Amino acid sequence: MTDLAEWLQQHTEALIRSASAELSSDEKLRATVEESLAAFFDALQRAAKMRDNMMLYVVLIDWVESRSAPTDGENSGLLQVLTTLKHVTWKKIRELATASDAVELLIESENIFAQASTYLNRLETEVLLSNAKRELDDAQTTVRRLDKSKSDFIAVAAHELKTPLTLIEGYMNMLRGDFKEPEFPRAALMLNGMAGGTSRLREIVEDMIDVSMIDLRLLNLHYQPVWIHRLLDIIVYDMTNILKQRNITLDIKRNELAEKPTYADSERMYQVVSKVISNAIKYTPDGGTITVTSRDLPGFTDLQVSDTGIGIAPENLSRIFEKFSSMGEVALHSSGKTKFKGGGPGLGLAIAKGIMDAHGGSIWAESPGYDEKVMPGSIFHIMIPMRTAPPEDRMAELFKPAPTASSL
């Protein structure tokens, strides 16, 4: 009986010719293809003779590393090439081997090809994963570079806008002093409109600067005692006119607010809460209600701002805290600080998140979903750390009571 190694040695040339015809239709490429096939069938013969597939695996490794496998199409995959070679081998066994030898030769060759296919599949998978990882790393590097470029542009643009804006505000205030409303009502009306526009522009510029400072981790916090209920009193006073214009009720559950103060940056905390309430006003229809409640948690106060507005789709619950995020179509963008669904630069909630992160707190939102008819509303949670002293306050450490014998 002829074993597989002996049979392969006898019919190598026939196998190479049949395989090259199957794999390449271009006669000019046949010479290169036949060289690769000769190496493969030689390794196959050694694997059958020595009962060891190592030499065959070396050929497969070379295929994967150089992509020099005998195939016309790079996209067809090397496993398909190996399957074609197996079919060619089987076809020749059926044609050239005796009936008594053919079954054993087919079984023996199938065992070798099966092991080779498993090994080649693993090699190709590793290469695909490696390529995907490299592409992902390249994409992440590109994203980081673009994000840095965007942050640098925001910082530079904001500072460049601030200087001419200051000049405009200065000259405009001088004109407002010269053109008093009783004597020049038309001029005073236009100057007041300009004052509102420049004030809004200054807010946007300041927000751009805050975003760049947050991105660069340069946000300096000045800790001092902050009472949450007093902070809300200031916000209510500042937003009275806006609430009246939109006929929105701001209901603050004062009996639920923490009475003891915490140490935080009062101006920055004002920004956080006012931006969250402003966002609630913007997405709540006229006549709606915004409710502020609070609950005590270990080490934190969970300040909750809920509204009766249009709600937030689940996929946008985290996205709304990203820079320049906008829930509507950009083409339909309509600027407005307080009008219903009025657009903006998309910086408010990103700044609020950055400030809370800097304080060691957090902010997130929950909502049943987005629906402009049902108005499911949303709830924003502002987790405020409750501190009895500023972080790393050495003076507080010095004045801590000394431990007594009973406390040891």
Side-chain angles (χ1 to χ4, degrees), residues 1-140:
M1 174 180 174
T2 304
D3 63 14
L4 181 61
E6 182 181 350
W7 186 90
L8 288 170
Q9 185 177 16
Q10 294 173 357
H11 302 95
T12 297
E13 291 186 4
L15 289 168
I16 291 173
R17 285 194 302 271
S18 296
S20 63
E22 288 282 340
L23 294 168
S24 179
S25 57
D26 189 342
E27 293 185 2
K28 295 181 179 179
L29 296 177
R30 292 260 175 105
T32 303
V33 170
E34 289 178 357
E35 289 179 9
S36 297
L37 289 172
F40 173 82
F41 284 111
D42 180 65
L44 183 64
Q45 179 188 338
R46 290 172 181 268
K49 183 176 182 179
M50 301 174 65
R51 308 294 179 183
D52 185 351
N53 291 351
M54 184 54 64
M55 292 302 296
L56 185 58
Y57 292 165
V58 170
V59 172
L60 298 180
I61 292 171
D62 182 60
W63 282 10
V64 172
E65 290 182 348
S66 63
R67 294 296 294 181
S68 61
T71 174
D72 279 340
E74 283 291 316
N75 297 324
S76 60
L78 297 175
L79 196 59
Q80 182 178 343
V81 175
L82 186 62
T83 301
T84 300
L85 296 181
K86 182 179 76 170
H87 290 162
V88 168
T89 303
W90 282 13
K91 182 178 179 181
K92 285 301 177 185
I93 288 175
R94 290 194 298 269
E95 289 178 358
L96 303 176
T98 62
S100 58
D101 291 343
V103 175
E104 293 297 328
L105 292 174
L106 289 172
I107 293 174
E108 189 176 352
S109 65
E110 169 58 21
N111 289 335
I112 297 175
F113 274 108
Q115 295 175 38
S117 296
T118 301
Y119 186 76
L120 181 58
N121 184 58
R122 181 165 65 84
L123 285 178
E124 287 202 291
T125 301
E126 290 174 355
V127 169
L128 288 172
L129 289 174
S130 177
N131 291 339
K133 183 179 182 301
R134 185 175 64 254
E135 291 176 1
L136 180 61
D137 290 342
D138 292 343
Q140 289 176 337

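Everything numeric here is computed off the predicted structure, so don't read it as measured data.
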Which distance, rounded to the nearest 0.5 Å, do you find between the [atom1] of [X] and the [atom2] of [Y]?
X: K49; Y: L8; atom1: NZ; atom2: CG; answer: 12.0 Å
X: I112; Y: T89; atom1: CD1; atom2: OG1; answer: 10.0 Å
X: N121; Y: L60; atom1: CG; atom2: CG; answer: 11.5 Å
X: D3; Y: E104; atom1: CG; atom2: CD; answer: 11.0 Å
X: L44; Y: L85; atom1: CG; atom2: CG; answer: 9.0 Å

All side-chain contact (heavy atoms from CB on, under 4.5 Å) counterparts of [X], not counting sequence neighbours:
X: A39; result: none
X: S117; result: L79, L82
X: D52; result: M50, M54
X: Q10; result: E6

Check your understanding: How would you list, by chain and number, every residue that makes a side chain to side chain donor-acceptor pair (under 3.5 Å) with Q115, sequence neighbours excluded?
Key -> N53
Practice item. Quick one: list whatever passes side chain to side chain donor-acceptor pair (under 3.5 Å) with T118, sequence neighbours left out. Key: none
Practice item. Please list all pairs passing the ring pair (Phe, Tyr, Trp, His ring centres under 6.0 Å) test where one or both residues lie in residues 84-104, with sequence neighbours left out. Key: none
Please give me the minimum heavy-atom distance between [X] and [Y], naming the atom from each residue.
X: V59; Y: F40; result: CG1-CA, 4.2 Å
X: V88; Y: L15; result: CG1-O, 4.0 Å
X: A38; Y: I16; result: CA-CD1, 3.7 Å
X: S20; Y: L37; result: N-CD1, 3.4 Å
X: T84; Y: E22; result: CG2-CB, 4.0 Å
X: A5; Y: Q45; result: O-CG, 3.6 Å

Check your understanding: Any side-chain heavy-atom pair from Y119 and L56 closer than 4.5 angstrom?
Key -> no
Review point. Within a strict 4.5 Å, meaning less than it, do heavy atoms of the V81 and L120 side chains meet?
Key: no
**Study point:** Sole residue of E95, K92, E13 in side chain to side chain contact (heavy atoms under 4.5 Å, CB included) with S18
**Key:** K92
Exercise for review: Return each pair, listed once, that meets salt bridge (Lys or Arg N to Asp or Glu O under 4.0 Å) where at least one residue sits in residues 127-136; pairs must be two or more places apart or across chains.
Suggested key: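 Sorted result for residues 127-136: K133-D137.
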Check your understanding: salt bridge (Lys or Arg N to Asp or Glu O under 4.0 Å): which pairs involve residues 107-117, sequence neighbours left out?
Key ->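 Counting only pairs at least two positions apart or across chains, the salt bridge (Lys or Arg N to Asp or Glu O under 4.0 Å) contacts touching residues 107-117 are R51-E108, K86-E110.
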Check your understanding: For L78 and L123, what are the C-alpha separation, side-chain angles and deciding distance, and is it a side chain to side chain contact (heavy atoms under 4.5 Å, CB included)?
Key -> CA-CA 10 Å; L78 297 175; L123 285 178; over 6 Å; no
Study note, to complete from the structure: Hits for ring-ring contact (aromatic ring centres under 6.0 Å, His included) against F113, two or more places apart or cross-chain, chain-then-number order -> none
Review point. Under the ring-ring contact (aromatic ring centres under 6.0 Å, His included) test, which residues partner F41, sequence neighbours left out?
Key: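 F41: no ring-ring contact (aromatic ring centres under 6.0 Å, His included) contacts found.
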**Study point:** Any residue meeting salt bridge (charged side-chain N to carboxylate O under 4.0 Å, His left out) with E126, in chain and number order, not counting sequence neighbours
**Key:**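 With sequence neighbours excluded, E126 shows a salt bridge (charged side-chain N to carboxylate O under 4.0 Å, His left out) to R122, given in chain and number order.
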